[in-house]
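To keep things clear, I will list the structure first and then write my remarks on it.
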Amino acid sequence: MATVLVTGGMGFIGSHTVISLHNNGFDVVIADNLSNSKTEVLNRLETITGKRFKFYKVDCCNKEELRKVFEENDIDSVIHFAGLKAVGESVRMPVEYYSNNINSLLTVVTLMNEFGVKKIVFSSSATVYGESEDVPFTEESPLGTCTNPYGWTKWMLEQVLRDCSVAYPELRVCLLRYFNPVGAHESGLIGEDPRGIPNNLFPYISKVAAGTLEKLTVFGNDYDTPDGTCLRDYIHVCDLADGHVRSLNYLATQSEGVSVFNLGTGKGTSVVEAIKAFEKACGHEIPHVFGPRRAGDIPVCYASTDKAREVLGFEAKRTIEDMCSSCWNWQTKNPQGLPED
Ligand code: NAD
Ligand code: UD1
């Protein structure tokens, strides 16, 4: 059984991916410093899968700590989720974002070289396409100019991995550009568990639906879109998780090089449509008001999914209704999020 090192595996996307990996016959080792996640995730994963995953509380920027993980396990491949991801925070704390996101990947790649590990899947983002309005985004769409340090770290790290693949010809890399991952595992045991007031739409709507926050402000309703609000490509996190398994299987068939895939549904949903779908899921109205546009938002962003379908056989199966109902199930079962460590 091939062992996959999942860095950041206690986080939102990582924890769902751990389940998919397990269900598809992979052995998993998790490395996470718990800077944005909680130990309880491990218990929840055990309840869902019946398996206690091997977990190292390590900072991926710390080479000596992380080396232990490579020494003690026969690692076949890495999925690298470990990173900081809050756009607004990255503007306030650029040094922390560049330092954490860049050093963690550089350390992982250094140790992969040292231990002869040849396959890596990297969490990138549609944010690398910048502010272009030329949708849908294909993998060949030009990379844009990012509007914040978080986005730049993704942009730079894609380049780092391209450079590494030239220098280390046996290295096989998948760059996965996620669109808007939302939803939660059907059990309601794990889901997105942000600290403080959420910045992103789905966690915010959930908290309004639960009554923890008073109302949602829709950022702009004067865009050139059917209902005036922005369109985004929301993808269920469990579909996204399956995309990682397919990417690993694909890398196993490759001998070198970098492959890039969009992971989205190919469909744009407006903020108003998302609110309506969530209202259906929770059975009551979501109080909301229309406010000014948020700086840096583009009107429309969705993926071309052709390449992922043709090459990986990947197709997102779950609907916006599934995303809302799973999100609501997670919210109602864990109104305060997961217990603190
Ligand atoms: P998350 O914060 O829930 O998970 C990231 C995990 O990495 C956390 O558990 C955190 O504790 C850990 N981590 C951070 N820095 C670390 C370090 N130096 N060493 C060890 N662990 C560290 O975020 P997520 O939503 O699951 O995102 C996972 C990855 O996908 C991130 O790289 C993120 O940038 C990327 N991504 C996320 C989205 C999204 O909307 N959620 C979209 C595009 C890309
Ligand atoms: C955000 C990130 C982006 C990241 C992506 C992945 C920002 C600025 N961008 O994108 O870098 O790759 O997540 O998921 O954070 N909205 C409201 N009211 C709210 C919150 C959001 O109307 O309270 C709207 C936004 O204007 C946007 C849509 O909802 O039109 C989705 O917003 P969000 O969930 O923050 O995602 P993105 O901005 O697409």
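Heavy atoms only: backbone and side chains are in, while hydrogens, waters and symmetry mates are out. Atoms within each ligand, like the ligands themselves, are counted from 1 in listed order.
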Any donor-acceptor N/O pair, Glu139 side chain to Asn262 backbone, under 3.5 Å = yes

remark   = Expected contact list for ligand 1 at under 4.0 angstrom, heavy-atom basis, is Gly8, Met10, Gly11, Phe12, Ile13, Asp32, Asn33, Leu34, Ser35, Asn36, Ser37, Val58, Asp59, Cys60, Cys61, Phe81, Ala82, Gly83, Lys85, Asn100, Ser123, Ser124, Ser125, Tyr150, Lys154, Tyr178, Pro181

query = CD1/Ile48 to OG/Ser187 distance, rounded to the nearest 0.5 angstrom?
reply = 3.5 Å

key: Salt bridge present between Lys51 and Asp27 (N-O < 4.0 angstrom)   = yes

request  = Give the numbers and elements of all ligand 2 atoms closer than 4.0 Å to a heavy atom of Cys230.
outcome  = 30 (O)

message = Please find the pair of heavy atoms, one from Ala184 and one from Ile190, that lie closest to each other, and give the distance.
response = CB-O, 3.5 Å

request  = Answer yes or no: is there an ion pair linking Lys119 with Asp76, defined by an N-O contact shorter than 4.0 Å?
outcome  = yes

ask   = Do any pairs count as a ring-ring contact (aromatic ring centres under 6.0 Å, His included) and have a residue in residues 178-214, sequence neighbours left out, and if so which ones?
value = Tyr178-His244, Phe202-Tyr234

Side-chain donor-acceptor distances from residues 79-94 under 3.5 Å, at least two apart:
{"residue": "His80", "atom": "ND1", "partner": "Thr7", "partner atom": "OG1", "Å": "2.8"}
{"residue": "His80", "atom": "NE2", "partner": "Ala82", "partner atom": "O", "Å": "3.3"}
{"residue": "Glu89", "atom": "OE1", "partner": "Tyr97", "partner atom": "OH", "Å": "2.4"}
{"residue": "Ser90", "atom": "OG", "partner": "Val87", "partner atom": "O", "Å": "2.7"}
{"residue": "Ser90", "atom": "OG", "partner": "Tyr150", "partner atom": "N", "Å": "3.1"}

message = Students should be able to answer this: which protein heavy-atom is nearest to atom 38 (O) of ligand 2, and at what distance?
response = Arg294 NH2, 2.6 Å

request  = Look only at interatomic distance and state if Ser125 has a nitrogen or oxygen under 3.5 Å from any nitrogen or oxygen of ligand 2.
outcome  = yes

For Pro181, the ligand 2 atoms whose distance to one of its heavy atoms is below 4.0 Å = 14 (O)

ask   = Does the Asn221 side chain pair with the main chain of Thr229, one donor and one acceptor, at a distance under 3.5 Å?
value = no

Winner among Phe219, Tyr178, Phe179, Tyr234 once heavy atoms are compared against atom 28 (C) of ligand 2 = Tyr234

message = Testing the 3.5 Å rule here: is there a donor-acceptor pair between the side chains of Asn43 and Glu46?
response = no

request  = Check each of Arg232, Lys85, Glu89 against atom 39 (O) of ligand 2 and report the one with the nearest heavy atom.
outcome  = Arg232

ask   = What atoms of ligand 2 come within less than 4.0 Å of a heavy atom belonging to Asn199?
value = 20 (C), 35 (O)

task = Check each atom of ligand 2 against the heavy atoms of Leu216 and keep those under 4.0 Å away; list them by number with element.
result = 18 (N), 19 (C), 23 (O)

query = So is Ala126 polar-close to ligand 2, meaning N/O to N/O under 3.5 Å?
reply = no

request  = Answer yes if the ring centres of Phe12 and His16 are under 6.0 angstrom apart, and no otherwise.
outcome  = yes

key: Contact check, Gly151 vs ligand 2, heavy-atom distance below 4.0 Å   = no

ask   = Counting from 1, what ligand 2 atoms have a heavy atom of Asp297 closer than 4.0 Å?
value = 25 (C), 26 (O), 38 (O)

query = Starting from atom 34 (O) of ligand 2, which protein heavy atom do you reach first, and at what distance in Å?
reply = Leu201 N, 2.8 Å

key: Polar side chain donor-acceptor pair, Asp134 to Ser132, under 3.5 angstrom   = no

remark   = Ranked by distance from atom 37 (P) of ligand 2, the top protein heavy atom is Asn180 ND2, 3.6 Å

Chi angles and distances behind the side chain to side chain donor-acceptor pair (under 3.5 Å) call for Asp74, Thr3 = CA-CA 7 Å; Asp74 183 14; Thr3 301; over 6 Å; no

Only distances under 3.5 Å count here; give the side-chain donor-acceptor pairs of residues 274-283 to other protein atoms, sequence neighbours excluded, each with its distance to 0.1 Å.
{"residue": "Glu279", "atom": "OE2", "partner": "Ile286", "partner atom": "N", "Å": "2.8"}

query = Under the 3.5 angstrom rule, does the side chain of Trp330 hit a backbone N or O of Glu192 as a donor-acceptor pair?
reply = yes

message = Suppose I only count heavy atoms of Val87 and a 4.0 Å limit; which atoms of ligand 2 are within that range?
response = 2 (C), 7 (C), 8 (C), 9 (N), 11 (O), 15 (O)

remark   = Among non-hydrogen protein atoms, atom 24 (C) of ligand 2 lies closest to Val271 CG2, 3.8 Å

note = Check: of Val218, Val272, Thr217, Ile197, min heavy-atom distance to atom 18 (N) of ligand 2 comes from Thr217

ask   = When only distance counts, is Asn200 in polar contact with ligand 2, meaning an N/O pair under 3.5 Å?
value = yes

